[in-house]
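Numbered from 1 within each chain, the chains take letters A, B, ... in sequence-line order.
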Protein chains: 2
Amino acid sequence: MNKNITMRDIALKMGVSSVTVSKALNDKDGVSDELKEKIKLAAWEMGYRMNTVAKSMREGLTYNLGVIIPERFTGTSQTFYLRLYQEIAVALQQHNYYGILHILSREDEEQLHLPRIYHEQKVDGFILLGQVSKEYIEVIEQIEQPKMFLDFYDEHAEIDSIITDNFYGAYELTNYLIRQGHRDIAYVGNLYSTSSIQDRFLGYYKSLLEHHLPLRQEWILSDRDEQGTFVDLELPSSLPTAFVCNCDQVAHLLLQQLRAEGYQVPQDCSVVGFDNDIYATLSEPHLTTIEVNINKMAYTAVDSILKKIRDPHTSFGRVLVPGNIIYRDSVKDMT
Amino acid sequence: MNKNITMRDIALKMGVSSVTVSKALNDKDGVSDELKEKIKLAAWEMGYRMNTVAKSMREGLTYNLGVIIPERFTGTSQTFYLRLYQEIAVALQQHNYYGILHILSREDEEQLHLPRIYHEQKVDGFILLGQVSKEYIEVIEQIEQPKMFLDFYDEHAEIDSIITDNFYGAYELTNYLIRQGHRDIAYVGNLYSTSSIQDRFLGYYKSLLEHHLPLRQEWILSDRDEQGTFVDLELPSSLPTAFVCNCDQVAHLLLQQLRAEGYQVPQDCSVVGFDNDIYATLSEPHLTTIEVNINKMAYTAVDSILKKIRDPHTSFGRVLVPGNIIYRDSVKDMT
DNA sequence: CTGAAAGCGCTTACAG
DNA sequence: CTGAAAGCGCTTACAG
């Protein structure tokens, strides 16, 4: 298994030209089947490995895709984006593409620095995984390569995005609580933090509206600051019978706080989460929540961006990937 | 910001040759400082982006590194390797290198297929993250490019590896239990599953030996089958006062089982874990455990493999990265 | 069915 | 200090 076997080496050995070798190895027309097989066999015997760099240079495609995750979504306990990235990597593999992960540091985001994979033309397109600042979005928009938002969107940016159906998921979940007899339902999440939290809130609100239940300001609890750092929850003086949390992690935090203050879940009040991540089953009781379809999101994102690479004029708009309710033990039936 | 600005375009505009542009942009000698600055400015104004593919082809280096993780270590609850991968990606960024993640499917591992990044010469070297079968290791050994094992080793393979100091960590943790007055200490882990579990066991055993405590077969509890799937633990009829678990996740499982059988931790018996992952603080009580220095492991791995890429004759052997004990609430002081 | 030529965008000797 | 030439390993017209 010598290193640096090229098509030329195979051509020399076989007494043909490297053009013929290229055609044979790529299964193109213009070579007899018999010769093709011979060449393939020789290539295999000689331990030939395609030099993709040369191919890339020739074609002007790197066959790499950049996946950008803001650093702040990659904390020890935040595994969601990494799992999504993993699914993306697997999906890309199947299309002969490769993912290059770029963790966008806080400084680079603040100073509006594009990642080096952009400046070095290492990739054919970008998936931006996780919400960044408006200013950074504007910089991203300037990139003339295919790009796509994943798990968030921005109404001002003309960039395709793929998100989980936050609105409908929270709506369904709140409907479920109401069907279980709940009327006093609070929402936990900072409404000004991310589009996901906002949309989940609006789904919750729609459900209230449809059932003619009032929206009470004191029952909207902020869970984090604008940087995304969790803050202590302030429980309202009069406790609702149920809390719709914007994510499982904060539901888990709420559970601990309720327990600390002497409340039992779901006996004294019910709690639902969102995401169906590790916190959902590590919480006691296990959380009723919305399972996000990570796999579908990843596949959809990869399919879309590859289509855009092939044809830059393709556009998808905002694609919603539905999740589904997982029923567990954190909701009391009040009926 | 036009696309496909090349050095030649800059050269044409500046009335110099592309050789001079290349030298200026790469800060090489042979261009006056004045001209250098002018060229850099022009490049910036024209929105020039280096075509790294061309550079790669010329130099014979891809500036990519393959990180291979066996599929079976990437389950929903297994975030450790993904986090390690993330740290590797960040470390690589700082060296102008990029990581390409390859999830090694079960079928490919079984059928001894090397990843496509190998066959397509997409990378300059490999980090194999997570133990694979002996047979697969043998195939990996055939690769003539720099390669390295991370978080496991194989005594028969002449491949450098970087591992957390499992042996010493478990040894220290067991010593601590003994200092707290424990004498009847069990170990939880399948001794034939991975080198980590085995080495942690041996560290535990060394501590027992040093304190002249007997090793009791019925106090070695298997936690998983050979494929790595967790199995139900069989508690010994006479309960020890402490359990040394090979990882936090199984400690968490054990905690649940003990609670289900009516035992209180740490009042009735103590439990320690290993890894300091998410399970350590989600368990009730929080686990005393060994924190693995993920960051240092990633940096060491990246430094080493890059040195090997520069000089293929470099070799490091087995590098142990020490962890450290995190004291929490799962151990009772019996003294 | 097969191959000579050209070119993708760089960089490294080498010559001036 | 500056540049003409060659070449990295492919593939795409094009000619035979």
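- To the nearest angstrom, P of C:dC8 lies 15 Å from CD1 of B:I5.
- For B:S17, the listed nucleotide lying nearest its side chain is D:dG3; candidates were C:dC10, D:dG9, D:dG3.
- No side-chain heavy atom of B:H102 sits under 4.5 Å from any side-chain heavy atom of B:F126.
- Taking side-chain N and O atoms only, B:K28 has a distance below 4.0 Å to OP1 or OP2 of C:dT12.
- For the pair A:H119 NE2 and C:dC10 C1', the computed distance is 19 Å after rounding to whole Å.
- In this structure, CD1 of B:I10 is placed 8 Å from P of C:dC10, rounded to the nearest angstrom.
- One finds a salt bridge joining A:R49 and B:E144 here, because a Lys/Arg side-chain nitrogen approaches an Asp/Glu carboxylate oxygen to under 4.0 Å.
- Spacing between atom CD of A:Q121 and atom P of C:dG9 amounts to 9 Å, rounded to whole angstrom units.
- Contact annotation: A:T20 reaches the phosphate of C:dG3 (side-chain N/O to OP1 or OP2, under 4.0 Å).
- Here A:M7 lies in heavy-atom contact (under 4.0 Å) with sugar-phosphate atoms only.
- Contact annotation for A:V16: backbone-only contact, meaning every heavy-atom pair under 4.0 Å involves sugar-phosphate atoms and none involves a base.
- The distance from the CD atom of A:Q86 to the CD atom of B:E71 is 8.5 Å, given to the nearest 0.5 Å.
- Residues B:Y63 and B:K55 form a side-chain contact, since some pair of their non-hydrogen atoms from C-beta on lies under 4.5 Å apart.
- Of the residues near DNA chain C, B:K23 and B:A54, the one whose nearest nucleotide (by heavy atom distance) lies more toward the 5' end is B:A54.
- Residue B:S22 places at least one side-chain N or O closer than 4.0 Å to OP1 or OP2 of C:dT11.
- Salt-bridge formation is detected for the pair B:K40/B:D27: a Lys NZ or Arg NE/NH1/NH2 atom is positioned less than 4.0 Å from an Asp or Glu carboxylate oxygen.
- Side-chain nitrogen and oxygen atoms of B:Y48 include none within less than 4.0 Å of the OP1 or OP2 phosphate oxygen of C:dG9.
- The side chain of A:N26 contributes an N or O atom lying less than 4.0 Å from OP1 or OP2 of D:dT11.
- Taking atom CG on A:N51 and atom C1' on D:dC10, their separation rounds to 7 Å, with Å as the unit.
- Taken to the nearest 0.5 Å, the CD1 atom of A:I140 stands 6.5 Å off from the CZ atom of A:F149.
- Look at CG on B:D9: it is 13 Å from C1' on C:dC8, rounded to the nearest Å.
- A heavy-atom distance below 4.5 Å is found between the side chains of A:M297 and A:D151.
- In the set D:dC10, D:dT2, C:dA13, the nucleotide with an atom closest to the side chain of B:V31 is D:dT2.
- When side chains are defined from C-beta on, A:L25 does not count as touching A:M50, because their heavy atoms never get closer than 4.5 Å.
- For the pair B:E59 CD and C:dC8 P, the computed distance is 20 Å after rounding to whole Å.
- Phosphate contact (OP1/OP2 of C:dT11, side-chain N/O of B:S18, threshold under 4.0 Å): absent.
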* Structure fact -> Taking Watson-Crick and G-U wobble contacts under 3.5 angstrom, with | marking pairs to another strand and [ ] crossing pairs, the secondary structure of DNA chain C is written |||.||||||||.|||

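- For the pair A:R58 CZ and D:dT12 P, the computed distance is 6 Å after rounding to whole Å.
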